[in-house]
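One is the number of the first residue; the rest follow in order along the sequence. FYI, side chains are in, hydrogens and waters are out, and symmetry mates aren't considered; it's all heavy atoms of this structure.
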Amino acid sequence: MRVLLPFLMLGSVAHALYFFLDGASSKCFFEELPKDTLVVGHYTAEEWDDNINAWAKHDGISIYISVDEMFDNDHRVVSQRGKSSGRFTFTAADAGEHKICFTPSSSSGRPGWLSLLQPNGGIKLTLDLAIGSSEIESTDKTKLVDIAQRVRDLNARLLDIRREQIFQREREAEFRDQSESTNSRVVRWMFIQIIVLGITCAWQLSHLRSFFIKQKLT
């Protein structure tokens, strides 16, 4: 099925819509995108729940998403399978028509979910597309604030680490100075001991020599 979204080309926009998918068949949108345009899509897939008589998400739903560049021999730029809700993003490498397709699958075992002909059959898919930087920046503002806070925290930790490194270097320098001073005092004391021992030995030798000379004379 070919669906055009001309209202998405009016600058940076975000638009939400919902539609129904019949069984495992794909529904595609064709969108003309300028070069380097960032596109972010949020989707939610729901199946009819007889217990609550309303559309609801469940773990058995999965959505396959593909984005093809029609101007480049259907070159596929996005191919991902997600849960019942999620997000996809891509950047238009070149200006031209892009085909965005959604294919559902379900393991709920609910009779008639495959067909829209059955009462409340099929999958209800809510799609929110943000095209262009301004809306995307607005959508991700909370994440950007969180990232900025983390950067500030990291900078503060780096400053703390730097101060700790400077403190450690100062302590190492002080310890090195003390060690050098202690070593120099030990060396001086050794020299003093050697000199005292030398003087003592010389005096003892001189005293013994005089003693032996006196003994011979007597």
Heavy-atom pair of closest approach, residues [X] and [Y]:
| X | Y | value |
| --- | --- | --- |
| K99 | F30 | CD-CZ, 3.4 Å |
| P34 | A92 | O-CB, 3.4 Å |
| T89 | V40 | OG1-CG2, 3.6 Å |

Partner residues of T91 under the side-chain contact (heavy atoms from CB on, under 4.5 Å) criterion, sequence neighbours left out: L38

Less than 4.5 Å apart, side chain to side chain, heavy atoms only: is that true for Q149 and R152? yes

I123 side chain reached by I61 side chain, heavy atoms, under 4.5 Å: yes

Stepwise side chain to side chain contact (heavy atoms under 4.5 Å, CB included) check, R209 with L205: CA-CA 6 Å; R209 182 179 179 185; L205 290 174; over 6 Å; no

Kindly state each residue pair satisfying salt bridge (charged side-chain N to carboxylate O under 4.0 Å, His left out) with at least one member in residues 176-194, sequence neighbours excluded. none

Does anything in residues 157-175 form a salt bridge (charged side-chain N to carboxylate O under 4.0 Å, His left out)? List the pairs, not counting sequence neighbours. D160-R163

Hey, what else clusters with [X] if you join Ile, Leu, Val, Met, Phe, Trp, Tyr whenever side-chain heavy atoms sit under 4.5 Å?
| X | answer |
| --- | --- |
| L159 | none |
| L154 | none |
| I199 | I195 |

If only atom types and distance count, is the side chain of Q80 paired as donor or acceptor with the main-chain N or O of R87 below 3.5 Å? yes

Hey, what's the ring geometry for F20 with W55, parallel, tilted or perpendicular (30° and 60° as the breaks)? tilted

Fit a plane to each ring of F102 and F88, take the angle between them on a 0 to 90° scale, and name the class: parallel (under 30°), tilted (30 to 60°) or perpendicular (over 60°). perpendicular

For [X], enumerate each residue passing the side chain to side chain donor-acceptor pair (under 3.5 Å) test, keeping only those at least two apart in sequence or located in another chain.
| X | answer |
| --- | --- |
| S62 | R81, S105 |
| Y64 | R76, S79 |
| E46 | none |
| N155 | none |

So that I know where these two stand, are F71 and H98 an aromatic pair - ring centroids less than 6.0 Å apart? yes

Nearest 0.5 Å please: distance from the CE atom of M190 over to the CG atom of L197. 11.0 Å

Mind checking the CG-CG spacing from L129 to L127? Nearest 0.5 Å is all I need. 4.0 Å

Mind running side chain to side chain contact (heavy atoms under 4.5 Å, CB included) on L33 and V39 for me, showing each step along the way? CA-CA 9 Å; L33 296 174; V39 179; 3.8 Å; yes

Provide the full list of ring pair (Phe, Tyr, Trp, His ring centres under 6.0 Å) pairs with a residue in residues 144-203, sequence neighbours left out, each pair given once. W203-H207

What disulfide (SG to SG under 2.5 Å) pairs are there with at least one residue in residues 54-104, not counting sequence neighbours? C28-C101

Taking atom types as modelled and ignoring hydrogens, do the side chains of T103 and S26 form a donor-acceptor contact shorter than 3.5 angstrom? yes

I would like to know whether I65 and F90 meet side chain to side chain contact (heavy atoms under 4.5 Å, CB included); could you show each step before the answer? CA-CA 12 Å; I65 305 165; F90 69 94; over 6 Å; no

